[in-house]
Amino acid sequence: MLLGKVIGKVVPCEVYKGLESVPLLWVQPLTRDLKKKGTPIVCADGTRMAGPDELVYYEGGREAAMALDPWFVPVDHAIIGIVDDVHVNEGD
Amino acid sequence: MITGIVTGNIYSTINHAFYDNKRLLVVEKTRADGSRTGDYIIAVDTVDAGPDDPVLVIDEGNSARQVVQAPDAPIRSVIVGIIDHVDVVS
């Protein structure tokens with residue numbers, strides 16, 4: 001899993017069967033010290049509660065499809081949880 | 001499997017049901033000689049790894065699900081060991 005920040009929302013008018021009720025959010029991947037890294041990706045929101053500017057952690061691949069309900073829908077990234085706090089050891 | 005060093009942890013209350021009261025540790029990946037690669041990964045802890053512990057991380061779904069014994073959990077990275085010593089020949 002990696003850290004990301006929700007920067008927007010994607011509202012499709014036509015979408016694949018099983019994804020109708022799944023919120024799709026723009027997520028900017030972050031480094032360990034919460035700096036931007038790479039280009040934003042669209043994640044399906046497994047928690048259905050992530051809002052704009054929230055810090056989330058997401059998973060890719062098959063695990064992303066397993067995090068949704070109904071599971072095994074065709075998604076490649078899904079938000080697994082919303083981060084309350086990241087603690088990094090001093091000196092790192 | 002990959003090696004890494006625990007450099008922090010994540011607190012989260014709103015998450016997928018499987019991740020309730022699981023310890024999520026931020027692991028920075030290291031090379032065989034112990035130098036850090038700058039990449040990191042968030043892994044579920046199963047061996048009570050503490051801060052700055054060199055750890056062994058499984059980064060593949062099926063093995064991770066076997067380790068946590070949850071056949072349909074959305075999990076891919078699991079800490080499965082704390083490294084005491086590494087021998088590198090060349």
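So that the names make sense, note that chain A is the first sequence line, chain B the second, and so on, each numbered from 1. These numbers were taken from a predicted model, which means no experiment stands behind them.
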Item to check | When A/Leu68, A/Leu2, A/Ile80, A/Asp84 are compared by non-hydrogen pairs under 4.5 Å with chain B, the top option | outcome: A/Asp84
Checklist entry - Counting heavy-atom pairs under 4.5 Å to chain B, which of A/Leu3, A/Val83, A/Val86, A/Ile79 comes out on top? => result A/Leu3
Next on the checklist: To the closest 0.5 Å, what do you measure between CG (B/Asn15) and CE (A/Met1)?
Outcome noted: 9.0 Å
Next on the checklist: Suppose a student defines contact as a heavy atom less than 4.5 Å from any heavy atom of chain B. Which residues in residues 47-67 of chain A would they list?
Outcome noted: A/Thr47, A/Met49, A/Tyr57, A/Glu59, A/Gly60, A/Arg62, A/Glu63, A/Met66, A/Ala67
Checklist entry - Looking only at heavy atoms, which of residues 23-31 of chain A get nearer than 4.5 Å to chain B? => result A/Leu30, A/Thr31
Next on the checklist: If you count every heavy atom of other residues, nucleotides or ligands that lies below 6.0 Å from A/Lys36 atom NZ, does the total exceed 12?
Outcome noted: no
Checklist entry - When rounded to the nearest 0.5 angstrom, what distance separates CD in B/Glu28 from CG in A/Asn89? => result 10.5 Å
Item to check | Heavy-atom contact with chain A under 4.5 Å, split by part of B/Ala17 | outcome: neither
Checklist outcome for this item: Closest non-hydrogen atoms of B/Tyr11 and A/His87, given as atom of the first, atom of the second and distance, are CE1-CB, 4.2 Å
Item to check | Path from A/Val75 to B/Phe18 over hydrophobic side-chain contacts below 4.5 Å | outcome: no
Checklist entry - Relative to chain A, which segment of B/Ile14 carries a heavy atom at a distance below 4.5 Å: side chain, backbone, both, or neither? => result both
Checklist entry - Do any of residues 14-21 of chain A come closer than 4.5 Å to chain B, heavy atom to heavy atom, and if so which ones, in number order? => result none
Checklist entry - Which region of B/Tyr40, side chain (C-beta onward) or backbone (N, CA, C, O), has a non-hydrogen atom less than 4.5 Å from a non-hydrogen atom of chain A, or is it both or neither? => result both
Item to check | Part of residues 55-69 of chain B lying next to chain A, heavy-atom separation under 4.5 Å | outcome: B/Gly61, B/Asn62, B/Arg65
Item to check | Joint hydrophobic cluster, B/Val27 plus B/Val47, side-chain heavy atoms closer than 4.5 Å | outcome: yes
Item to check | B/Ile42-A/Ile41 co-clustered via ILVMFWY side chain contacts under 4.5 Å | outcome: yes
Checklist entry - Are B/Ile83 and B/Val88 grouped together when hydrophobic residues (ILVMFWY) are joined by side-chain heavy atoms under 4.5 angstrom apart? => result yes
